[in-house]
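Heads up: the structure comes next, in structure tokens.
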Amino acid sequence: SMSDKKGNRIPSEKYRQWRVNYTSIPLYHYSKEVANWVEFKTNGSGENDMKRKHTDINSPSEVRVVSCNILFDEFLNGTEFEKYKSWRREAMVRYILSQDAHIIGLQEVTPEVLAEILSHPDIRDRYICTASVDDTSTLKPYGQILLSTLPVLSCEIRLLGTS
């Protein structure tokens, strides 16, 4: 790889072309003032109000990351689905919270499941999220979300085709 006069790495042309397909996505936090998940706003310097949400965070010596594939609704139908849906989703949120993770990656999240996750008071109080119930554009029909207790300066996504 190449570097500029200050020693900063210069990305290769292949890397720059690969990065073209990434799109920045907003981050959301729960606002008690409006009783809803709202987007973090940035000021002119590129800093966002993430620091206000995480005023008590020191740099941890270890970071705990959890990843879960949570798609299950597709495999249940009718009475069986209704019987287990609520129980399964409550168990999923309990599991997520029991992991006490700094960063949680959830795969195959549907808008309906996102609403249920984000309605939990402990999720609202502890985490920021890469989606909100008002912005499920990356979850159609399902997608990925990140929840984080740590400050995140930016987030990008690369949408891939289904074939």
Side-chain angles (χ1 to χ4, degrees), residues 8-9 11 15-16 18-74 85-162:
N8 298 316
R9 187 174 168 270
Y15 177 81
R16 283 194 294 270
W18 180 72
R19 293 279 307 147
V20 168
N21 296 320
Y22 279 81
T23 304
S24 291
I25 59 174
L27 295 162
Y28 299 89
H29 68 100
Y30 187 77
S31 168
K32 292 180 181 177
E33 292 82 28
V34 297
N36 201 1
W37 288 80
V38 296
E39 185 177 343
F40 275 112
K41 300 297 181 195
T42 58
N43 63 22
S45 69
E47 292 182 1
N48 60 29
D49 55 8
M50 183 84 58
K51 291 179 184 174
R52 284 185 293 193
K53 175 83 172 176
H54 299 285
T55 55
D56 61 338
I57 297 287
N58 294 321
S59 296
S61 59
E62 294 181 357
V63 174
R64 184 168 172 89
V65 178
V66 171
S67 177
C68 301
N69 184 315
I70 62 170
L71 183 65
F72 70 96
D73 294 353
E74 300 291 321
K85 177 173 81 170
S86 178
W87 175 86
R88 171 74 160 83
R89 290 181 182 172
E90 288 172 16
M92 174 192 56
V93 172
R94 281 195 314 274
Y95 173 78
I96 290 168
L97 291 169
S98 75
Q99 298 305 299
D100 197 30
H102 295 94
I103 300 169
I104 300 169
L106 300 177
Q107 296 83 45
E108 305 199 46
V109 179
T110 63
E112 181 184 353
V113 171
L114 176 70
E116 203 155 326
I117 292 169
L118 296 184
S119 71
H120 195 282
D122 290 335
I123 298 286
R124 289 177 172 179
D125 290 343
R126 293 177 57 193
Y127 291 96
I128 57 168
C129 187
T130 57
S132 79
V133 291
D134 296 326
D135 178 9
T136 59
S137 59
T138 61
L139 304 179
K140 302 222 170 135
Y142 45 82
Q144 290 66 244
I145 65 167
L146 288 177
L147 297 166
S148 178
T149 62
L150 301 174
V152 177
L153 298 179
S154 67
C155 190
E156 295 178 334
I157 189 169
R158 183 174 187 188
L159 298 174
L160 303 173
T162 58

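For Glu116, the side chain to side chain contact (heavy atoms under 4.5 Å, CB included) partners two or more places apart in sequence, or in a different chain, are Arg89. With sequence neighbours left out, the side-chain hydrogen bond (donor to acceptor under 3.5 Å, both in side chains) criterion links Gln107 to Ser67. Applying the side-chain hydrogen bond (donor to acceptor under 3.5 Å, both in side chains) criterion to Ser119, with sequence neighbours excluded, gives no partner residue. With sequence neighbours excluded, the residues satisfying side-chain hydrogen bond (donor to acceptor under 3.5 Å, both in side chains) with Asn36 are Asp134. In terms of the side chain to side chain contact (heavy atoms under 4.5 Å, CB included) criterion, residue partners of Val65 (sequence neighbours excluded) are, by chain and number, Val63, Ile103.
Rounded to the nearest 0.5 Å, atoms OG1 (Thr149) and NE2 (His102) are 5.0 Å apart. How far CG of Leu146 is from CD1 of Ile128: 9.0 Å, rounded to the nearest 0.5 Å. Annotation: the span from Met92 atom CE to His120 atom NE2 amounts to 10.5 Å, rounded to 0.5 Å.
Across all non-hydrogen atoms, the minimal contact from Ile25 to Thr138 is CG2-CG2, 4.3 Å. Nearest approach of Ser132 to Leu114, heavy atoms of both residues: O-CD2, 3.5 Å. Considering all non-hydrogen atoms of both residues, Tyr95 and Cys68 come closest at CE2-SG, 3.7 Å. Taking both residues in full, the closest heavy atoms of Ser31 and Val38 are given as CB-CG2, 3.7 Å, listed atom of the first, atom of the second, then distance. Contact detail for Ile145 and Cys129: the closest heavy-atom pair is CD1-SG, 4.1 Å. Pro141 approaches Pro111 most closely through the heavy-atom pair O-CD, 3.7 Å.
Pairs passing the salt bridge (Lys or Arg N to Asp or Glu O under 4.0 Å) check and including a residue from residues 61-70, sequence neighbours excluded, do not occur.
Side-chain N or O atoms of Asp125 include none that pairs as donor or acceptor with a backbone N or O of Tyr127 at under 3.5 Å. Checking side-chain atoms of Thr136 against main-chain N and O of Leu139 turns up no donor-acceptor pair under 3.5 Å. Side-chain atoms of Trp37 come within 3.5 Å of backbone atoms of Leu118 as a donor-acceptor pair (strictly under, hydrogens ignored).
In this model, no donor atom of one side chain and acceptor atom of the other lie less than 3.5 Å apart for Glu112 and Thr110.
Side-chain contact check for Tyr28 versus Asp135: some heavy-atom pair is nearer than 4.5 Å. At least one side-chain heavy atom of Val109 sits less than 4.5 Å from a side-chain heavy atom of Ile70. In this structure the side chain of Ile96 reaches within 4.5 angstrom of the side chain of Leu106, judged on heavy atoms. Between Thr130 and Gln144 the shortest side-chain heavy-atom distance does not fall below 4.5 Å.
Classification of Arg126 and Asp100 as a salt-bridged pair holds, one side-chain N sitting under 4.0 Å from a carboxylate O.
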